[in-house]
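The chains referred to below are lettered A, B, ... by the order of the sequence lines, with proteins before strands, and numbering in each begins at 1.
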Amino acid sequence: MRETYEPAAVERDAQDYWHRHRSFEAREDPARPKYYCLSMLPYPSGRLHMGHVRNYTIGDVLTRYLRMQGYNVLQPMGWDAFGLPAENAAISNGVPPAKWTRENIAHMRAQLKSLGFAIDWRRELATCDPAYYRWNQWLFLRMRERGLAYRKSGIVNWDPVDQTVLANEQVIDGRGWRTGAPVEKREIPMYYLAITRYAGELLAALEELPDWPERVRVMQANWIGRSEGCDIAFPYAADTVSAVGAAGSLRVFTTRADTLFGVTFMAIAAEHPVALAAARASPKLAAFVEECRRGSVTEAELATQEKKGMPTGLHVLHPFTGQPLEIWVANYVVMAYGEGAVMGVPAHDERDFEFALATGLPVVTVVRPTSGAYEEVRAPWIAAYGEHGVTVNSGEFSGLGFRQAVESIAAALEMKGLGARRVQFRLRDWGISRQRYWGCPIPIIHCAACGEVPVPDVQLPVVLPEDLVPDGSGNPLARSPAFYQCSCPQCGRAARRETDTMDTFVDSSWYFMRYACPDQAGAMVDERVAYWLPVDQYIGGIEHAILHLLYARFWTKVMRDLELVKFGEPFTRLLTQGMVLNHIYSYQPPGGRKRYFNPADVETRRASDGSARYEVVTSDLGPLAVEHEGIGKMSKSEGNGVDPEGLIERFGADTARLFTMYASPPEQTLEWSDEGVQGASRFIRRLWSAVYEQVAAGAAPALEP
RNA sequence: GCCGGGGUGGCGGAACUGGUCAGACGCGCCCGACUUAAAAUCGGGUGGCCCUCGGGCCGUGCGGGUUCAAGUCCCGCCCCCGGCACCA
């Protein structure tokens, strides 16, 4: 029997015991209340960081507490194993992403095990395993059968030098990360999932999630962005009819149909068909459309760029007055929202106002603007008529309040067949195609004769070859005949397999269901899912507040409608844990590049007045006085991370776990403190001393959790 | 730019739906006790400025406002963090 506390030995013994006794293996047991405690699965980046330790410790504490309360608790773990970092590692080291990923998983699994979490490791899964991702493919095909998955063109970042599609993250200041070449937009065919069909339900069901943080629900509601408005068709004038080659109308969506008589121009996106038609006739316009193609596709970039536009010389007719309105191509109009066209009402919309000012277009208003400030136009208007005002100079619709004006105008448009009231969502359909290697293959075959043909279910999974090495210039699958050469399942002739892979958010949209039945070879889910799901407590970072959580909610609703599961919301309670912070110390050599030093290497010297100096005693430059920059998120770039492995070796997992739990409430940021770690360590030591005393006195030690 | 969160002593952070006197609690610092000494521990003090030692004035990112009363409500702005649909 030991009499001094040696964390490594104690923890090894305990973990062995738990392993031998299968202490954390969860089995379906209708007699006991179940509890599904889930932490967001990690990306296998290589090493655990403190954020992981904190996340999983929170889940583990809850798991063990509820076990002791008599709940049948499931706490699983898995790996979000597809994604860009593996390709980046391949580019720099020449190692296949599969090898790199699996090695990382092995290392991180060992690190996680050393923390002694009450995880049922039998259920472990990695999203890059064909046994998992075949069901991504299977459900995709089911969605496609119902029109929930479809193909249309989408716009991506294009590196003209590497001839490759770039992720937004790979665009630095409008240039490709590897080539430095100015990024362009390019239109390519992609697969989409029709999440917008569920927009109304995704929004309404937020009300049924009282145990989600309010801010997450607000962010999701704003993201879905329901707005009530009106479709309005502006019939093409003769010039537009001849340019487009057919009669028709320019459709817009607006929430302010009441301002229809203040329209002074029409603005369309550069990718709009009318813009492309007009550009064919005008080299100047073609150049402008080309200019709009420069830069990345992110909303942040589109929203912050200077408003620019150019007239097409084409016109549409006002639906009531018949007055011609010129169509402009404008860089602030987004093709992806609404109809890719807006009616320009400078007096009632700040962006239209700025655009009109920049281009010299007229502003129809009661006040002549002189200063260029929108407030100058808006303020007297609101003062006179209130926020939404009263219609003036609007023909038969003059003198109406907002609601009444919209209703009357919409009714009149409907009579003319030129519009109707409609609900529009900001949410867009989910584009899942990625022109990348390390992801789940999209199970489609392109046949010259039959077109797009789904891979038959019996041929699933379409297995991703694991020996390719991406080099940064395009998708290696598209250069691998062994992968793309195939025969058409319908006509048997030679065909080409789709080489795009799925967005990794697909992988994480349902993994929590598969934990319930990881060994099920014949189906995506089975009756065990009905026992464990929905997840009772989900724990993860706030950075997933919108995309991951919204996609998982959508995917679950689709599975419900396919009668695969009976619930519509996957996560009953949500906890967003705070970040782990540490001090940031830097040294700025004269004329040199700023360097960061890890707080563990910094000594604090306090003067009698309480002021402090900070010093790195042993650096490669000798003793250095460093500057304290404050406290920030642990990050590689600021060199202020704490490696969990070293911490566990020195103090043991219990100290690491105790410190991360007691130093701050789970939702709040956690500030690293070596004194705090020492304190936690002392506490654990005292605890074990007491245990040893009991054992010495003849009591049996309790290792059952 | 848009959406969400935040900004309070040297530091982490309290303060219910506007209501005693902002700064609980903790850390740090200062003074004292114990000690040969130090650490540990215990007791006291600790927002800033001024002071005739009674107290006075200022103070919750900045500038306005509402109110008998504002950290809290309203208007405008600044800064930091997360997200903005191809990072995960």
| said: Would you call the rings of A/Phe554 and A/Trp430 parallel, tilted or perpendicular, taking 30° and 60° as the class edges? | reply: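 Answer is perpendicular, since the angle exceeds 60°.
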In whole angstrom, what separates [X]'s [atom1] from [N]'s [atom2]?
| X | N | atom1 | atom2 | answer |
| --- | --- | --- | --- | --- |
| A/Leu547 | B/C3 | CG | C1' | 13 Å |
| A/Ile542 | B/C80 | CD1 | P | 20 Å |
| A/Tyr332 | B/G1 | OH | C1' | 14 Å |
| A/Arg434 | B/A88 | CZ | C1' | 12 Å |
| A/Arg426 | B/A85 | CZ | P | 9 Å |
| A/Ile224 | B/G4 | CD1 | P | 14 Å |
| A/Tyr511 | B/A88 | OH | P | 15 Å |
| A/Arg47 | B/A88 | CZ | C1' | 19 Å |

| task | Give each stem of RNA chain B as a range with a range, requiring at least 3 consecutive Watson-Crick or G-U wobble pairs whose two distances are under 3.5 Å. | result | B:1-7 with B:78-84, B:10-12 with B:25-27, B:28-33 with B:41-46, B:47-50 with B:55-58, B:61-65 with B:73-77
Nearest to the [X] side chain among [options], which nucleotide is it?
| X | options | value |
| --- | --- | --- |
| A/Asn168 | B/A85, B/C81, B/A88 | B/A85 |
| A/Ala300 | B/A85, B/G12, B/G1 | B/G1 |
| A/Met579 | B/G83, B/G1, B/C81 | B/C81 |
| A/Trp223 | B/A88, B/A85, B/C86 | B/A85 |
| A/Gln668 | B/G4, B/A88, B/A14 | B/A14 |
| A/Glu299 | B/G1, B/A88, B/C86 | B/G1 |
| A/Glu169 | B/C86, B/C84, B/C87 | B/C87 |
| A/Met190 | B/A88, B/C86, B/G82 | B/C86 |
| A/Glu543 | B/G82, B/C86, B/G1 | B/G82 |

Taking atom [atom1] in both [N] and [M], what distance in whole Å separates the two?
| N | M | atom1 | result |
| --- | --- | --- | --- |
| B/G5 | B/C75 | P | 15 Å |
| B/A70 | B/C21 | P | 11 Å |
| B/G18 | B/C27 | C1' | 32 Å |
| B/C62 | B/G55 | C1' | 31 Å |
| B/A40 | B/C58 | P | 41 Å |
| B/U67 | B/C79 | C1' | 29 Å |
| B/A22 | B/G28 | P | 28 Å |
| B/G47 | B/G10 | C1' | 10 Å |

Between [N] and [X], is there an OP1 or OP2 to side-chain N/O distance shorter than 4.0 Å?
| X | N | answer |
| --- | --- | --- |
| A/Thr669 | B/G13 | yes |
| A/Thr298 | B/C84 | no |
| A/Asn222 | B/G4 | yes |

| request: Using heavy atoms to find the nearest nucleotide of RNA chain B for A/Pro85 and A/Asp429 separately, return the residue whose nucleotide is more 5′. | output: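 Result: A/Asp429.
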Quick test of your reading of the model: are [X] and [Y] salt-bridged, counting only N-O distances below 4.0 Å?
| X | Y | answer |
| --- | --- | --- |
| A/Arg294 | A/Glu291 | no |
| A/Glu207 | A/Arg217 | no |
| A/Arg514 | A/Asp507 | no |

| query | Stepwise, does the side-chain contact (heavy atoms from CB on, under 4.5 Å) test hold for A/Phe571 with A/Leu549? | reply | CA-CA 9 Å; A/Phe571 313 120; A/Leu549 291 169; 3.8 Å; yes
Looking across every strand, which nucleic acid part, if any, lies under 4.0 Å from [X] by heavy atom: base, sugar-phosphate, or nothing?
| X | result |
| --- | --- |
| A/Gly541 | nothing |
| A/Met40 | nothing |
| A/Leu427 | base |
| A/Met502 | nothing |
| A/Val218 | sugar-phosphate |
| A/Arg217 | nothing |
| A/His548 | nothing |
| A/Val165 | base |
| A/Arg215 | sugar-phosphate |

| field | Side-chain donor-acceptor contact under 3.5 Å, A/Asn640 with A/Asn598 | value | no
| A/Trp438 and A/Ala86: which non-hydrogen atoms are nearest, and at how many Å? | CD1-CB, 3.5 Å
| task | May I have all residue pairs that pass salt bridge (Lys or Arg N to Asp or Glu O under 4.0 Å) and include part of residues 176-192 of chain A, sequence neighbours excluded? | result | A/Asp162-A/Arg178
| request: Would you mind calling B/G54 syn or anti? Take O4'-C1'-N9-C4 for purines or O4'-C1'-N1-C2 for pyrimidines, and syn is within 90° of 0. | output: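 You should classify B/G54 as syn.
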| query | For B/G9, does the O4'-C1'-N9-C4 (purine) or O4'-C1'-N1-C2 (pyrimidine) torsion place it in syn, i.e. within 90° of 0, or in anti? | reply |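 Here the answer is syn: the torsion falls within 90° of 0.
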| Polar side-chain contact A/Glu671-B/C11 base: donor and acceptor under 3.5 Å |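 Side chain to base: no pair below 3.5 Å.
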| NZ or CZ of A/Arg573 within 45° of A/Trp212 ring axis and under 6.0 Å |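 No.
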| Trace of the side-chain contact (heavy atoms from CB on, under 4.5 Å) decision for A/Phe140 with A/Ile442 | CA-CA 8 Å; A/Phe140 170 83; A/Ile442 294 174; 3.8 Å; yes
| said: Counting C-beta onward and ignoring hydrogens, is there a side-chain heavy-atom pair between A/Gln137 and A/Cys440 closer than 4.5 Å? | reply: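 Yes, at least one pair of side-chain atoms sits under 4.5 Å.
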